[in-house]
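What follows is one structure encoded as structure tokens, with my remarks underneath.
Please read these numbers as outputs of a predicted model, since none were measured by experiment. For ligands, and for the atoms within them, numbers begin at 1 and follow the listed sequence.
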Amino acid sequence: MKKNMLLSALMAVAVSFFSLTMKDYFSLYQSPAENGEENRLKEAFINGGAVGPESLAFDEDGEGPYTGVSDGRILKWQGDDIGWIEFSSVSPSHMLDECRGSQDPKQEYLCGRPLGLCFCKKTGKLYVADAYFGLLIFDNKDKVPTTVSKEAGAPFYFTNALDIDQETGVIYFTVSSAKFRRSEFLSAIITGDNTGRLMQYDSTTQKTQILLSNLSFPNGVALSSDGSFLLIADSTNCRILRYWLQNSSFEVFFQLPGFPDNIRRSPRGGFWIALHSRRNTLEKWLLSLPWIKKAFFYGSNLFPSSSINGMMQFLKRMPTKGVMAMRLDEDGNIIEVLENPGERKMVFISEVHEMNDSLWIGSVMMPFIWRYKI
Ligand SMILES: *[C@@H]1O[C@H](CO)[C@@H](O)[C@H](O)[C@H]1NC(C)=O
Ligand SMILES: *[C@@H]1O[C@H](CO)[C@@H](O)[C@H](O)[C@H]1NC(C)=O
Ligand SMILES: *[C@@H]1O[C@H](CO)[C@@H](O)[C@H](O)[C@H]1NC(C)=O
């Protein structure tokens with residue numbers, strides 16, 4: 001039953017792609033020779049040894065982007081001449097020097113791992129969903145983070161993404177799991193963990209509330225332009241859910257050909273949904289990890305064969321085609337698709353953030369952000 005539903009959803013997506021090639025479709029990576037515009041794509045390299053600019057935010061003056069990286073720092077882009085400067089860090093002050101430059105997931109519980117970023121336009125303050133430390137706010141003056149929310153009944157464990165209702169100051173955020181840490185995200189997916197939650201933090205009353213629970217790896221979240229609904233990336237199930245704020249009900253909004261990460265509203269309308277990876281790439285990467293390889297070829301108590309089957313099922317659901325992101329309108333129709341034709345290694349895309357005339361493309365693994373002039 002579930003399989004059939006998935007199949008028909010994939011068929012629907014395939015049909016949409018076909019019709020798109022006829023009209024609105026555009027490919028992000030036409031070869032430069034073809035369009036004669038070598039300078040449309042640029043990389044903004046992260047300094048100081050860190051990697052993984054997962055999420056991006058612009059402040060109330062349109063400056064930035066700001067991003068959080070693997071060593072806990074929050075960086076701000078100051079243009080080509082200056083590059084990235086250090087805005088702040090989520091790491092505790094006594095850990096700052098030790099954490100700087102870290103790419104080690106085992107260090108993350110000490111250094112923090114800032115994932116979701118968003119500015120409150122009214123106060124000018126930056127909110128950060130840190131995978132380990134919960135929902136944080138940065139004070140404008142000394143730029144030191146304060147935790148505003150880190151538990152609701154139980155500790156969050158894996159805070160991931162956020163969006164802010166700029167009218168009301170209410171913050172919506174996701175907790176991907178109540179069992180697994182970010183460094184164990186693969187286990188969360190493979191075991192079908194469904195302890196994820198959609199949360200709300202009201203900055204006026206300072207109250208935290210659970211909106212939806214029992215989600216399978218909820219990831220990105222974005223509010224609609226009229227503030228009536230939220231889209232949530234239901235990553236393990238390769239789909240986007242729509243949550244109506246007025247009556248607290250939810251429905252499947254869109255079934256995707258890959259694993260969704262962050263969702264951002266586009267200033268031209270609709271939402272950019274970043275797709276994490278292509279199947280081939282992830283497969284190769286997974287098999288390069290010694291513990292997976294061992295379990296795969298020799299069996300393992302730690303990782304029973306049912307989990308391996310789960311993993312293979314998981315991989316089968318990934319697209320082989322290089323779709324990296326999609327822009328959907330507020331009714332769930334595809335407006336445009338970003339595609340990777342394969343020569344450029346654009347993988348592990350975590351966010352597509354449109355600002356002025358550019359797409360800023362973040363990744364959870366890479367040492368840079370891509371910029372693409374529309
Ligand atoms: C976007 O445009 C606004 C208005 O022209 C400008 O102030 C801002 O710096 C721009 N931001 C970026 C990141 O290009
Ligand atoms: C949702 O999760 C709670 C807490 O783990 C559990 O008690 C409940 O049975 C779950 N509900 C569904 C519909 O799975
Ligand atoms: C909730 O509200 C939305 C928008 O008005 C509507 O489309 C949906 O059917 C409602 N759901 C329920 C269960 O009332």
Problem - Atoms in ligand 1 flagged as close to G62, the criterion being non-hydrogen separation under 4.0 Å - result: 8 (C), 9 (O), 10 (C), 11 (N), 12 (C), 13 (C)

Handout entry: Salt-bridge present (R73, E86; N to O < 4.0 Å)
Key = yes

Fill in the blank from the handout: Nearest non-hydrogen contact to atom 4 (C) of ligand 3 from the set Y243, F250, W244 belongs to W244

Problem - Check: S225 main-chain N/O paired with E330 side-chain donor or acceptor under 3.5 Å - result: yes

Exercise for the section: Number the atoms of ligand 3 from 1 as they appear, then name those within less than 4.0 Å of a heavy atom of Q246, with their elements. Expected result: 2 (O), 5 (O)

Exercise for the section: Taking atom 14 (O) of ligand 3 as the reference point, report whether a protein heavy atom occurs under 4.0 Å from it. Expected result: yes

Practice task
Answer with yes or no whether F58 contacts ligand 1, where contact means a heavy atom under 4.0 Å from a ligand atom.
Solution key: yes

Handout entry: Single-linkage hydrophobic cluster, 4.5 Å side-chain cutoff, M95 and Y109 together
Key = yes

Handout entry: atom 9 (O) of ligand 1 protein-contacted, heavy-atom criterion under 4.0 angstrom
Key = yes

Handout entry: Aromatic ring proximity F87/Y66, centre distance under 6.0 Å
Key = yes

Practice task
Can you sort out which atoms of ligand 1 are near N356, meaning under 4.0 Å from one of its heavy atoms?
Solution key: 1 (C), 2 (O), 3 (C), 8 (C), 10 (C), 11 (N), 12 (C), 14 (O)

Problem - E98, CD atom: more than 12 neighbouring heavy atoms under 6.0 Å - result: no

Problem - Salt-bridge contact D130-R113 (side-chain N to carboxylate O under 4.0 Å) - result: no

Practice task
Might you confirm whether atom CD of E251 has over 12 heavy atoms from other residues, nucleotides or ligands at distances under 6.0 Å?
Solution key: yes

Exercise for the section: Note the single closest protein heavy atom to atom 12 (C) of ligand 3, along with its residue, its atom name and the distance in Å. Expected result: N247 ND2, 3.2 Å

Completion exercise
Taking only non-hydrogen atoms of D61 and a 4.0 Å limit, the atoms of ligand 1 in range are 7 (O)

